[in-house]
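Inspection log for the structure reproduced underneath, given as structure tokens.
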Amino acid sequence: MSERFVIIDGVRTPFCKAGTELASLTADDLGRIAVDALLTRTGLDTALIDEVIFGCVSQPPEVANIARVIALRAGIPESVPAMTVHRSCASGFEAFTTASERLAAGRGSIFVVGGTESMSRQPALFQDITVRKFAELTKSRSTKDKLTALAAFRVADFEPRALVHVAQTDSFSGLSMGETADLLAREDGLTREQQDAFALQSHQRALAAEARLAEEITPVYLGSKPIARDNGPRADASMAALGALKPAFEKYGTVSSGNSAQPTDGAVALLVMSESRAKELGLQPIGALTAYAYTGCDPAHMGLGPVSAIEKVAQQSKLTPADADVVEIHETFAAQVLGVLSRIKPPIPPDKLNVNGGAIALGHPLGATGARLILTSLKELARRKAQRALVSLCVGGGQGSAIWLERI
Amino acid sequence: MPNILRETLEEGIFLLTFDRPDSDTNIFDFDTLSELESHLDAIASPEHHAKGLIITSAKPGVFIAGADLLALRKMNTEEVKTFIQRGQSVFNKLAALPFPTVAAVHGAAFSGGFELCLACDWRVASSAPETTLGLPETKLGLIPAWGGSTRLPRLLSVPKALDVILGAQVLPAAQALRAGLVNEVVPKEHLRLAARRWLERGKYEPGFAHSPAVNAMVDAVIAPGERHEVQQKTHGHFPAIEKALEVVLKGSASWDAADALERERDAIAELIASDTTRQLLNLHFAQERARKFSVPDAPAEVAAIKRTAVIGAGVMGSGIAQWLAAHGLPVILRDLDTTPLAEGMGNIAGLFAAGVRQRTFTEREARAGRDRISPVTTDVPLQRVDLVIEAATENLETKKTIFKRLDELVRPDAILATNTSALSISELAASTRNPRRVVGLHFFNPVHKMQLVEVIVGPETAPEVAQRVVRLMQQIGKLPVLVKNSPGFLVNRILVTYLAEAGALFWNGAEIKDIDAAMREFGMPMGPLRLIDEIGADVALEVSALLANAFPTRLHVPDVLPALQGTGLLGRKVGKGFYKYRRGAEASPNKEVAKLRPPGQLKPPSRDEIEQRLVLLMINEAARCLEERLVSSASEVDLAMVLGTSFAPFRGGPLRYADSIAVTKVAEELTRFSESAGPHYAPCGLLRDMAKSGKRFYED
């Protein structure tokens with residue numbers, strides 16, 4: 001029986017909608033803040049860390065291997081290696097489970113893991129044709145050739161492709177994430193009202209939980225303002241307000257920006273290690289990893305990923321949703337969560353699901369979300385003095401992920 | 001043993017390496033100059049068929065640091081002229097060599113060291129952080145007199161040369177390249193290779209751009225403005241700057257190089273003889289001593305301080321945190337709540353941004369500095385921290401509570417320091433379990449500008465604890481002065497005595513403008529009432545009350561302070577106090593304040609008498625501090641007053657000034673005033689004794 005993989009503590013930055021309060025910070029700025037706050041709170045001797053593993057989807061080109069940059073900037077000794085992982089929306093999970101695999105393989109026992117994303121600062125790409133024209137220009141030597149190359153540019157060539165939209169389209173199926181949600185909604189006959197009601201509940205629960213969520217958050221100091229709250233949850237959310245929004249992806253679709261998760265900036269950091277190291281260092285864990293699974297599914301129905309992942313992990317661990325005291329199913333779209341819920345047996349009681357709100361209200365910084373779900377569910381288990389949490393994400397490109405956690 | 005080694009690198013190419021025996025630095029004295037001359041003569045002789053010369057240094061951190069200042073200070077006018085002439089003629093020889101010459105600079109090259117570089121055709125510098133180049137002479141009351149004032153304007157242009165010389169600038173390699181002081185910057189391993197390449201360029205031909213003819217025209221245009229600006233900034237108190245300006249203006253426009261060099265010689269000889277320069281040199285040496293100070297009875301080698309925490313993110317706390325972080329130390333910054341912490345972090349961000357604008361750091365370095373600060377609003381483990389500096393509110397009970405908590409959170413060998421400006425270190429120490437590791441670290445406001453730190457020790461403070469913090473202060477570019485625990489420590493005690501009397505003079509009828517003008521005339525950067533406005537009447541009241549309580553026979557809280565506090569005239573922070581402050585306008589005396597004082601006063605004292613009385617009180621209190629052995633030497637008292645209060649540096653400090661007017665006279669005048677103006681003027685025991693035996697504070 002291999003050593004238990006435990007979580008000592010976790011910290012996250014506030015989650016803020018893209019283009020708002022955290023927009024001027026880079027993904028490595030955010031990651032550094034979370035890691036620094038975590039290390040300061042736990043007082044760990046950073047030389048003991050075996051590796052830093054961070055999830056990040058957009059991976060800005062000027063910060064190659066963002067986990068390494070975050071580690072160095074957070075004052076972790078340069079002798080500690082670092083790696084960045086990408087499993088789309090489940091990158092935060094991936095960082096966590098990869099560390100557990102390192103432990104199982106005997107490749108280290110103390111890790112800092114997490115995820116970060118700055119969706120405000122996702123790069124704008126040049127169109128392919130524009131890139132080709134620039135290449136021609138660079139190759140030109142004589143003045144005549146240069147002028148000819150310059151003359152080939154048109155104004156339209158300078159319109160950028162926003163990565164935030166590019167990245168949201170699955171390259172294999174050709175469907176954007178929103179379109180997969182609309183597909184599910186049509187197939188399942190999910191109404192606009194059902195999705196808006198779910199979205200409203202997410203906002204209401206997040207607002208009610210503000211004080212509890214504050215336990216996870218470290219303030220960000222920008223200029224002389226402290227940014228200490230998630231700014232996604234809206235007190236003015238209502239069925240009327242949600243209902244007034246136009247469909248976002250299909251002309252007669254039911255998926256709107258109101259019942260979808262918003263692009264968001266944020267970072268999460270977790271301190272994880274083997275149970276024996278925790279004992280040696282006198283650190284009290286808040287939870288342990290029990291089991292996990294990743295599965296693949298139809299990219300056009302990526303939203304249903306959690307269904308197969310939860311089934312697979314049930315086969316391995318004999319744990320079913322009935323065994324969970326707390327459940328987090330990531331809310332990329334209300335339609336997607338509702339689609340998952342209708343397929344899970346036994347059904348998950350509403351008072352156990354996303355009890356402190358979900359990504360529809362709080363936002364979805366792609367690389368960080370998985371780590372947030374782990375952190376928030378463990379904090380909720382502690383509050384309820386309960387035993388088990390099931391956390392799950394659907395993954396763009398057609399995957400599912402599920403993790404069982406237990407309280408210590 | 002020779003100071004300079006000569007090698008032949010290849011046929012006709014020579015290398016001179018400066019490597020002073022038994023020293024970690026290279027300086028120019030008579031012997032070194034002679035050695036250099038004989039090498040130049042030898043290389044230039046026909047049988048060597050010399051094609052090029054490279055000059056370099058073997059010292060790890062220094063190229064050449066200039067003339068031997070200690071020796072220079074002891075010379076009389078004639079000796080100075082001879083020494084300067086010697087240097088000039090040797091450098092002229094270098095400049096006149098018929099084959100190309102290159103200075104290959106790694107490490108510090110300033111004053112004479114940089115002037116040697118200017119006498120070469122070309123200059124290449126290493127990119128190492130130790131490499132700095134420039135002409136800081138005016139800061140010491142001198143001018144570059146080995147051709148620097150003449151050659152630099154012909155290389156750079158007059159305005160740029162003035163920036164370097166009047167600004168006493170010493171620049172790191174990259175900036176020196178941008179400023180035109182060097183031709184190329186390369187990694188130090190490539191220095192010789194680069195120098196060899198530059199020889200191939202041949203002799204440097206000065207172009208038309210900065211020729212005397214052009215410079216003459218430039219001078220005509222800029223001279224009046226420059227003279228006016230210098231006058232504004234120095235009020236005639238810094239003759240070195242005025243002289244440097246004249247030498248540069250005249251020298252740059254003169255075709256006769258010999259004439260220009262003679263001006264440099266005459267100017268520096270005059271300056272060395274002047275009191276101002278002597279005092280500035282004295283202060284320079286006092287600063288050097290503080291940089292190397294070692295706590296008596298403490299081990300020479302002590303454990304370095306690597307990780308720190310600062311409690312309180314107010315103006316001082318955030319300033320201290322920023323300075324520590326900028327100098328490579330991680331800092332945990334603790335305050336009670338996100339609001340005060342955010343203000344502190346904002347202050348820190350502003351300081352780093354200003355540093356980037358002023359090119360003190362690159363953006364990358366500023367980011368690394370900001371990254372080192374971990375802001376927290378709750379207790380966190382402090383097991384890894386070596387030093388905690390408490391900079392919370394000036395309240396003994398609050399500090400005791402904080403220290404008790406810190407006692408539990410830090411390691412036994414960690415040091416607990418307080419930035420208190422007035423509370424007793426011993427009393428704080430006594431409230432902890434381990435008083436030996438408690439010390440005062442009194443920084444001055446603003447932290448990033450004030451070099452002085454008072455290191456306060458009580459009888460219970462362990463010498464190695466004091467040594468560890470002294471070493472840290474030296475490491476982070478501060479100048480520590482070790483002071484025994486006592487009310488007001490050193491600087492504030494003397495300062496408050498002076499400010500209280502200024503307040504009393506005002507209350508008794510003297511006008512704001514007279515009091516402040518008198519002290520500005522004396523050489524203080526601002527008058528005492530203006531300073532009270534800067535500090536804040538409420539803060540001044542609190543501190544003077546504390547000190548009045550400690551020294552009741554001679555210090556009383558001046559009535560004006562509670563009056564100012566009572567009417568909300570707190571000073572600059574609220575827009576009015578003794579003066580009214582308006583954006584974009586000069587501060588003007590506030591007529592309302594005069595209404596606060598009792599009417600029907602006797603004729604107030606003249607400006608001269610005001611100046612005399614206030615300065616004498618400062619001297620008296622400074623002498624008391626020495627008498628009570630708060631510090632171990634007069635030099636430390638003066639250094640602290642100059643650095644901590646900007647006490648007229650050209651006067652050297654209160655005790656140097658006392659020597660200059662004769663201690664006997666000081667004691668006499670104080671006695672006279674004790675009869676006419678109050679018993680608090682009575683000279684202290686030390687002054688009376690010194691007056692009797694005709695002693696001075698300083699030997700030299």
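Scope of the values below: all heavy atoms of this structure, side chains included, with no hydrogens, waters or symmetry mates. Here is how names work: the chains are called A, B, and so on, in the same order as the sequence lines, proteins then strands, and each is numbered from 1.
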If you count the non-hydrogen atoms of other residues, nucleotides and ligands that lie under 6.0 Å from [atom1] in [X], is the total more than 12?
X        : atom1 : answer
A/Arg212 : CZ    : yes
B/Arg359 : CZ    : no
A/Lys379 : NZ    : yes
A/Arg234 : CZ    : no
B/Glu394 : CD    : yes
B/Glu301 : CD    : no
B/Lys188 : NZ    : no

Partners passing ring-ring contact (aromatic ring centres under 6.0 Å, His included) against B/Phe444 (at least two apart in sequence or in another chain):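 With sequence neighbours excluded, B/Phe444 shows a ring-ring contact (aromatic ring centres under 6.0 Å, His included) to B/His442, given in chain and number order.
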Nearest 0.5 angstrom please: A/Asp29 CG to B/Asp371 CG, how far?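 If I round to the nearest 0.5 Å, the distance is 7.5 Å.
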Please report the interatomic distance OG(B/Ser374) to CG(A/Leu38), rounded to the nearest 0.5 Å.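 Interatomic distance, B/Ser374 OG to A/Leu38 CG, rounded to 0.5 Å: 11.5 Å.
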Taking side chain as everything from C-beta outward and backbone as N, CA, C, O, which of these in B/Ile348 sits under 4.5 Å from a heavy atom of chain A? Side chain, backbone, both or neither.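 For B/Ile348, no heavy atom lies under 4.5 Å from chain A.
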Counting only non-hydrogen atoms closer than 4.5 Å, does B/Thr378 touch chain A with its backbone (N, CA, C, O), its side chain (CB onward), both, or neither?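 Neither; nothing under 4.5 Å.
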A/Tyr221 vs B/Thr338 side-chain heavy atoms within contact, under 4.5 Å: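 Touching, per the 4.5 Å side-chain cut-off.
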Identify the heavy atoms of B/Ile373 and A/Asp36 that sit nearest to each other, and give their distance.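 Closest heavy-atom pair between B/Ile373 and A/Asp36: O-OD2, 4.1 Å.
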Measuring heavy-atom distances to chain B, does [X] have an atom under 4.5 Å in its side chain, in its backbone, in both, or in neither?
X        : answer
A/Leu44  : backbone
A/Arg32  : side chain
A/Thr218 : neither

Go through A/Ala37, A/Pro219, A/Pro226 and name the one with the most non-hydrogen pairs under 4.5 angstrom from chain B.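 The answer is A/Pro226.
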Do you know which of B/Met345, B/Arg384, B/Glu343 has the most heavy-atom pairs with chain A at a distance under 4.5 angstrom?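 Option with the greatest count: B/Arg384.
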Most heavy-atom pairs under 4.5 angstrom with chain A, which of B/Pro381, B/Gly346, B/Gly344, B/Ala342?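 Between B/Pro381, B/Gly346, B/Gly344, B/Ala342, the count favours B/Ala342.
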